[in-house]
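So you know, we letter chains A, B, ... as the sequences are listed, proteins then strands, and number each from 1.
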Amino acid sequence: MELATIEGIIRQHGAQKSGLIAMLQDIQHEYTYLPEDVLRHLSRTLNVPLSRAYSLATFYRAFSLKPKGRHPISVCLGTACHVKGAVKILEKFERELGIKTGQTTPDLNFGLEQVRCLGCCGLAPVVTVGQDLYGKVTVTKVDQIIKRYRKQETAHAKT
Amino acid sequence: MPYRVHCMVCAGTGCVSNRSLDVREALEREIRKRGLQEEIQVVTTGCNGFCAVGPLMVVQPDGIFYQQLTPKDIPYLVEEHFIKGRPAQKLMYTPPEAPSPIPRMSDIPFFKHQRLIALRNRGLIDPEKIEDYIARDGYQALVKALTRMTPEQIIEEITRSGLRGRGGAGFPTGVKWRKVREASGEPKYIICNGDEGDPGAFMDRSIFESDPHSVIEGMLIGARAIGARHGVVYIRNEYPLALERIQIAIQQAREYGLLGENILDSGLDFDISVTRGAGAFVCGEETALIASVEGRLGDPRARPPYPSEYGLWGKPTCINNVETWANVPPIIMHGADWYSQIGTERSKGTKVFSLVGKVRNTGLVEVPMGITLRELIYDIGGGIPGDKKFKAVQTGGPSGGCIPAGMMDQPIEYVAPDGKREARDYLDLPIDYESLTDVGSMMGSGGLVVMDEDTCMVDVARYFLAFTQDESCGACTPCREGTKLMLDILNRIVEGHGTMDDLRALEEIGWVVKQTSLCGLGKTAPNPVLTTIKYFRDEYVAHIEAHKCPARVCRELNTYRIDPVICVERGHGCGVCRRECPEKAIFGEKNQPHRIDPALCKKCGVCVDVCHFNAVIVE
Ligand SMILES: Cc1cc2nc3c(=O)[nH]c(=O)nc-3n(C[C@H](O)[C@H](O)[C@H](O)COP(=O)(O)O)c2cc1C
Ligand code: SF4
Ligand code: SF4
Ligand code: FES
Ligand code: FES
């Protein structure tokens with residue numbers, strides 16, 4: 001935990017209890033999850049019970065108590081994507097990555113989530129990887145998508 | 001010097017994902033190369049609603065519509081259109097079955113039947129430039145409201161316009177504003193509900209992305225009318241681009257003195273903060289949303305008291321949907337009479353629908369209330385792709401219901417605006433809040449999912465129920481346990497283990513959940529199940545008694561085999577299915593017919609999707 005980062009986030013939201021969700025969002029963004037020591041620090045600084053921070057962390061889907069992976073993959077299972085066979089896309093990702101939805105690969109490269117509608121239903125079925133969005137995804141395209149990020153990781157590891 | 005031509009490149013989420021920003025770059029480069037930068041301006045806009053054919057670009061002032069552009073197309077396009085002066089036909093849009101491309105956007109059927117009020121600026125401005133909004137009469141309605149109208153008059157105008165909430169329930173906006181104005185307690189708050197939870201609707205995203213100032217202006221007018229000093233925009237977590245655009249817009253409005261203190265010297269003080277949702281559908285419900293803004297768990301509470309009396313921080317709060325707010329400036333600008341002449345007797349103005357599913361032109365369309373399903377699905381949507389039969393349309397998202405095509409020939413009674421009664425087909429049903437409720441569905445946020453013969457209605461019902469069950473906040477027992485029981489039953493039915501008693505149980509539990517749940521989520525969650533049982537009972541019965549899914553969607557009930565002739569003659573035994581089958585259940589060699597071993601097949605359905613030659617038969 002880097003204290004300066006956390007303190008910065010707390011200050012940015014006015015060090016107020018009402019800003020708790022927003023702080024958690026920033027922390028989630030920074031670490032890809034909510035580390036326990038950070039939650040403890042937050043609860044002490046803001047004077048809120050740790051249980052409150054935990055209940056928020058488990059109620060809202062945006063939060064995770066475990067690391068999410070450097071490339072979070074979200075497969076849309078919104079209505080439009082569902083009727084165009086998105087479940088098969090999700091299953092294909094599960095097979096290729098060897099993990100179930102909601103899990104992260106052991107090397108922390110990929111996390112796999114389902115979301116409900118990314119707001120681009122015209123491109124159904126839709127998948128996002130981090131900030132990148134892929135439309136009209138097919139089972140056979142899944143390999144290519146994963147390959148692209150695997151390459152990035154190996155290139156990264158070399159430097 | 002003014003530009004001769006404006007190239008409006010779409011930079012909504014959909015087009016950006018199809019690399020429209022690369023197209024813009026290539027365009028700018030080419031224009032400089034040709035020395036045209038003094039004459040041609042390149043503008044990036046928000047979503048045009050026709051993302052399926054993106055990336056797209058409209059060349060103004062002529063409104064020439066280009067689609068599916070790639071950077072490679074650009075030199076040709078610039079040469080033909082801007083140097084030789086003849087728009088590049090091969091980059092235009094040709095509707096299915098049309099003989100030739102249609103050059104102008106306004107002539108394309110998808111756009112031709114639309115009437116843009118909430119989306120009036122879409123594709124016409126750069127959403128990140130307040131100057132563009134102002135150039136199209138932006139903030140003129142605010143000036144009018146601040147200088148020439150009293151708060152009473154504003155409320156009166158909105159009430160007379162007939163504007164109703166676009167977030168789902170259709171509550172009259174003017175009535176809500178008056179309640180908040182008259183409620184005791186200070187300060188008062190206004191909230192823009194941009195949680196957009198319906199998993200197939202994206203109008204709010206599009207408004208934020210293509211015209212964020214229209215929401216800010218609407219909220220400013222609302223603030224004046226009800227006497228609020230602070231506003232909150234609540235925006236869904238999954239919409240990063242929308243978030244960025246509204247934040248930029250708020251910042252620019254502050255710089256222009258349109259937010260802050262003593263706005264336009266009128267004495268109005270008003271500012272807006274943004275709250276990001278954290279991924280919970282129930283937070284779209286107003287009391288849950290307020291709890292979430294206060295930093296608490298997003299649990300809905302019983303109403304009354306309504307937020308109009310006891311809202312954010314316990315103060316009177318006016319909460320409206322994004323589209324509702326975006327409608328406010330044009331109403332103030334052009335007047336209630338202008339607005340109320342559009343639409344039907346009790347539903348005025350326009351509605352933005354997201355037309356998705358099994359329809360040729362998927363996208364976002366804004367149409368007058370009272371348009372018929374036929375016009376929406378066939379004239380705008382271009383009908384059902386691939387010779388398939390239209391089966392039903394689902395409206396209202398997880399709270400809504402399915403309207404069957406089978407009732408097309410069964411006319412229903414329709415009361416015209418002048419009170420005359422006539423019989424109409426369902427497809428000729430003029431869509432408004434009341435007519436949709438009458439047929440057992442609802443308007444909701446405007447999601448419209450078209451279904452064809454390949455859509456299984458039991459699966460659709462199960463899909464929506466799985467959604468609401470998962471999103472139930474768990475606070476009240478009927479919703480938490482009831483939806484779970486119903487889902488268990490539906491899962492049994494789609495796996496072929498259902499009984500006819502299950503069907504009766506579904507109806508009974510559904511009824512109880514509807515009657516006894518605390519918030520709108522539970523009260524409406526059984527709707528998709530109940531309407532499909534009502535209209536598509538035979539499909540349920542087929543699953544239960546014959547263990548068959550007539551649409552061949554429910555995988556457990558299907559069997560898969562490969563047609564050897566098609567496989568060899570058309571596919572030359574390409575082997576794609578063999579490589580993709582996760583169970584290694586497919587055998588065969590190149591140029592030879594492939595075969596599925598039923599003992600190994602786990603019915604995942606992948607082979608059907610990957611075979612390019614439709615050689616895999618599902619029975
Ligand atoms: C479960 C549930 C989810 C809802 N989700 C939304 C939503 O995503 N967006 C929205 O504007 N209203 C939503 N509503 C309706 C709001 O509670 C509220 O009625 C609406 O924001 C009022 O604005 P309007 O009068 O402009 O429609 C939801 C209601 C329920 C019960
Ligand atoms: S994918 Fe289709 S054509 Fe190719 S081997 Fe399989 S069944 Fe035959
Ligand atoms: S349905 Fe799935 S398991 Fe069965 S043959 Fe096709 S790909 Fe293999
Ligand atoms: S349903 Fe997948 S993007 Fe809307
Ligand atoms: S994003 Fe370009 S049309 Fe929707």
Rounded distance [0.5 Å steps], OG1 in Thr140(A) versus CZ in Arg579(B) = 10.5 Å
Provide the closest heavy-atom pair for Asp143(A) versus Glu580(B) in the form atom of the first, atom of the second, distance.
-> OD2-OE2, 3.8 Å
So, do Tyr60(A) and Asn237(B) sit near enough that their side-chain heavy atoms are less than 4.5 Å apart?
-> no
Chain B: which of Leu20(A), Val126(A), Leu77(A), Val115(A) shares the most heavy-atom pairs with it under 4.5 Å?
-> Leu77(A)
Going through the checks in order, is the side chain to side chain contact (heavy atoms under 4.5 Å, CB included) test met by Thr79(A) and Phe464(B)?
-> CA-CA 8 Å; Thr79(A) 317; Phe464(B) 281 116; 3.6 Å; yes
CZ (Phe59(A)) and OG (Ser292(B)) are apart, to the nearest 0.5 Å, by 8.0 Å
Check: Thr455(B) and His82(A) side chains under 4.5 Å, non-hydrogen atoms = no
Interatomic spacing from OH in Tyr239(B) to SG in Cys117(A) - rounded to 0.5 Å | 5.0 Å
Taking it one step at a time, do Asp26(A) and Arg276(B) satisfy salt bridge (Lys or Arg N to Asp or Glu O under 4.0 Å)?
-> CA-CA 11 Å; Asp26(A) 289 353; Arg276(B) 258 181 306 159; 3.0 Å; yes
For each of Gly298(B), Gly49(B), Cys51(B), tally heavy-atom pairs with chain A at distances under 4.5 Å, and name the one with the top tally.
-> Gly298(B)
Give a yes or no on whether a salt bridge exists between Glu91(A) and Arg555(B), defined as a side-chain N under 4.0 angstrom from a carboxylate O.
-> yes
Decide if atom CZ of Arg480(B) counts as having more than 12 heavy atoms of other residues, nucleotides or ligands within a radius under 6.0 Å.
-> yes
Please lay out, stage by stage, how Thr13(B) and Leu133(A) fare under the test side chain to side chain contact (heavy atoms under 4.5 Å, CB included).
-> CA-CA 8 Å; Thr13(B) 300; Leu133(A) 189 141; 3.7 Å; yes
Checking Val293(B) against chain A: side chain, backbone, both or neither under 4.5 Å from a heavy atom?
-> backbone
Would you mind telling me which of Val356(B), Leu355(B), Val449(B) makes a side chain to side chain contact (heavy atoms under 4.5 Å, CB included) with Cys121(A)?
-> Val356(B)
Go through the atoms of Ala201(B) and report whether side chain, backbone, both or neither lie under 4.5 Å from a heavy atom of chain A.
-> backbone
Considering only heavy atoms, which portion of Asn18(B) lies under 4.5 Å from any heavy atom of chain A: side chain, backbone, both, or neither?
-> side chain
Given a strict heavy-atom distance threshold of 4.5 Å, which part of Ala551(B) is in contact with chain A: side chain, backbone, both, or neither?
-> neither
Exercise: identify the closest heavy-atom pair between Lys84(A) and Thr362(B) | NZ-CG2, 4.4 Å
State whether Glu238(B) and Arg116(A) are salt-bridged, where the test is any N-O pair (Lys NZ or Arg NE/NH1/NH2 against Asp/Glu carboxylate O) under 4.0 Å.
-> no
Flag the pair Glu294(B) and Lys17(A) as a salt bridge only when some basic side-chain nitrogen lies within less than 4.0 angstrom of an acidic carboxylate oxygen.
-> no
Considering only heavy atoms from C-beta outward, does the side chain of Asp470(B) approach that of Arg61(A) to under 4.5 Å?
-> yes
Straight-line distance of Leu297(B) CG to Leu56(A) CG, nearest 0.5 Å = 5.0 Å
Can you find a pair of side-chain heavy atoms, one from Ser17(B) and one from Asp132(A), that are under 4.5 Å apart?
-> no
Below 4.5 Å from any heavy atom of chain A, which atoms of Cys283(B) appear? Answer side chain, backbone, both or neither.
-> side chain
Quick one: what part of Thr138(A) sits under 4.5 Å from any heavy atom of chain B, side chain, backbone, both or neither?
-> neither
Heavy-atom contact with chain B under 4.5 Å, split by part of Ala80(A) = both
Given the options Ala278(B), Gly200(B), Gly295(B), which has more heavy-atom pairs under 4.5 Å with chain A than any of the others?
-> Ala278(B)
Do Lys92(A) and Asp609(B) pass the salt bridge (Lys or Arg N to Asp or Glu O under 4.0 Å) test, and can you show the C-alpha distance, the side-chain angles, and the key distance before you say yes or no?
-> CA-CA 12 Å; Lys92(A) 171 78 177 173; Asp609(B) 283 12; over 6 Å; no
What are the two closest non-hydrogen atoms of Gly122(A) and Phe202(B), and how far apart are they?
-> N-CZ, 4.4 Å
Based on non-hydrogen pairs under 4.5 Å, which of Ala22(A), Cys120(A), Ser18(A) is most in contact with chain B?
-> Ser18(A)
Below 4.5 Å from any heavy atom of chain B, which atoms of Val87(A) appear? Answer side chain, backbone, both or neither.
-> side chain
